[in-house]
Amino acid sequence: TTGAVVAVKLTGKPSPTPTTSITPTTTPSTTTPPTPTPTGPTAQNEADAINNLLPQAATSRQELVSAVAQVSACSNLSGAVSEIQQSANSRSNELSTAQGFQVGKLPDGFRLKSDLVQALQYSLNADNDYLSWAQGQETDGCSGGSPSNVTTDNDGATNYKELFANIWNQQVVPQYGGSEANPNNM
């Protein structure tokens, strides 16, 4: 707040007008420092980012299953190889996205992220196994056989998908919303 100080000069003689001087004064005020804004994403932002990735992973899986069925039937091999390649490329992008997730504010966030990244890595490995097999089928004219390491990679992917889905469905979705994860559709 500001106030005014009035000074009157007395000279001993009457003066028609007193000489005045106004000097503003200030009183120190206490101000509350600004509240710091949190940096980085909120837990809701972290959950939303993961939730947005899940439909992409489901689409990649659906494309792969369809294409593998075509290769197994020795049908539309060049189209199936192309679809498997596209699925592997998508899965690689999903893996990169998941590796970049910030999850420090989510319940059990670091394990959640680790399980998701492992699931996607195993899935990508399986996609690449299927791709090599499909390319061989296309080149050799459906000579039979099966992908080399696909069982191991599929088992690893399934295991980590189940671990991820358990944390996601029980700890994150009830608190932050989103779609429940189905390990069979990721």
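Quick note: residue numbers are just sequence positions, from 1.
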request  = Evaluate the side-chain contact (heavy atoms from CB on, under 4.5 Å) criterion for residues E138 and S78: first the C-alpha distance (whole Å), next the side-chain angles of each, then the deciding distance (0.1 Å), finally the verdict.
outcome  = CA-CA 7 Å; E138 181 181 33; S78 67; 3.2 Å; yes
Would you name the heavy atoms of [X] and [Y] that are closest together and state the gap between them?
X    : Y    : result
P107 : Q175 : CG-OE1, 3.7 Å
P41  : K105 : O-NZ, 2.8 Å
S72  : W133 : OG-CH2, 3.5 Å
K113 : Q99  : NZ-O, 2.9 Å
A80  : Q70  : CB-OE1, 3.5 Å
A181 : P183 : O-CD, 3.7 Å

Just by distance, no angles: are the side chains of [X] and [Y] close enough, under 3.5 Å, to form a donor-acceptor pair?
X    : Y    : value
T151 : N154 : no
N89  : Q85  : yes
S60  : E94  : yes

query = Which disulfide bond (SG atoms under 2.5 Å apart) pairs, counting each pair once, include a residue from residues 125-163, with sequence neighbours left out?
reply =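 Qualifying pairs, neighbours excluded: C74-C142.
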ask   = Checking T139 side chain against Q135 main chain: does a donor-acceptor pair fall under 3.5 Å?
value =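 At least one qualifying donor-acceptor pair exists.
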task = Look at the side chain of N166 and the backbone N and O of E162, then say whether any donor-acceptor pair between them is shorter than 3.5 Å.
result =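 Checked: no pair found.
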Within a strict 4.5 Å, meaning less than it, do heavy atoms of the [X] and [Y] side chains meet?
X    : Y    : value
N125 : N149 : no
S179 : N51  : yes
S123 : K161 : yes
R61  : R91  : yes

To the closest 0.5 Å, what do you measure between [atom1] ([X]) and [atom2] ([Y])?
X    : Y    : atom1 : atom2 : answer
S132 : D127 : OG    : CG    : 11.0 Å
N45  : T42  : CG    : OG1   : 3.5 Å
E83  : L131 : CD    : CG    : 12.0 Å
S82  : L77  : OG    : CG    : 12.5 Å
T97  : Q56  : OG1   : CD    : 6.5 Å
T158 : Y122 : OG1   : OH    : 11.5 Å

ask   = Cluster partners of L124, using ILVMFWY side-chain heavy atoms under 4.5 angstrom, listed by chain and number?
value =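 Answer for L124: I50, L53, L54, L95, F101, V103, L106, F110, L112, L116, V117, L120, F164, I167, W168, V172, V173, Y176, M186.
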message = Is there a continuous path of hydrophobic side-chain contacts, each under 4.5 Å between heavy atoms, that joins L64 to Y160?
response =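 Hydrophobic grouping puts L64 apart from Y160.
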